[in-house]
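What follows is a short report on a single structure.
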Amino acid sequence: MITAVNNFNNNHSIIGNEGDRLIIETNLKAPNNKVVEATFSKPTPENWKDIIPETENVLNAGTAGNKILRATLLM
C-alpha cells in the first residue's frame with residue numbers, strides 16, 4: 001500500500017492514473033480545488049505537480065477517454 005496523503009483536513013480524490021502517475025483533485029493549499037500529478041515513487045504533496053492550477057472559480061474535474069475534463073463554477 002502507498003500513502004499519498006495522511007491527513008483528512010482537506011479533500012483529495014484520485015480521478016485517474018496512467019502507468020505510475022496518479023491524477024488527484026485536491027483543495028490542499030487551493031480552496032477552489034486544483035488537479036495535480038503524483039507518482040507512486042514520490043506520492044506525497046511536496047512532490048505533486050500542478051496540472052490544472054487553482055483559479056478564482058471553483059473547479060470540479062473528472063476523466064473520460066484518457067482526457068481530464070474540467071468544469072468550473074463561476075462566482
Side chain to side chain contact (heavy atoms under 4.5 Å, CB included) with Pro43: which residues, sequence neighbours excluded?
-> Ile2, Ala4
Over all heavy atoms of both residues, which pair between Pro53 and Lys34 is shortest? Give the atoms and the distance, please.
-> C-CB, 4.0 Å
If every non-hydrogen atom of Ile15 is compared with every non-hydrogen atom of Val35, which pair is closest and at what distance?
-> CD1-CG1, 4.3 Å
Would you call Leu22 and Trp48 a side-chain contact if the rule is heavy atoms closer than 4.5 Å?
-> no
So do the side chains of Val36 and Ile51 get within less than 4.5 Å of each other, counting heavy atoms only?
-> no
Please identify each residue that fulfils side-chain hydrogen bond (donor to acceptor under 3.5 Å, both in side chains) with Asn47, with sequence neighbours left out.
-> Thr44
Side chain to side chain contact (heavy atoms under 4.5 Å, CB included) against Asn10, all qualifying residues, sequence neighbours excluded | Asn7, His12, Asn27, Leu28
How long is the span from the CD1 atom in Ile23 to the CD1 atom in Ile52, to the nearest 0.5 Å?
-> 9.5 Å
For Thr39, the side-chain hydrogen bond (donor to acceptor under 3.5 Å, both in side chains) test, sequence neighbours excluded, returns Ser41
Would you say Asn32's side chain and Thr55's backbone share a donor-acceptor pair under 3.5 angstrom?
-> yes
Which pairs with one or both residues in residues 12-30 pass salt bridge (Lys or Arg N to Asp or Glu O under 4.0 Å), sequence neighbours excluded?
-> Arg21-Glu37
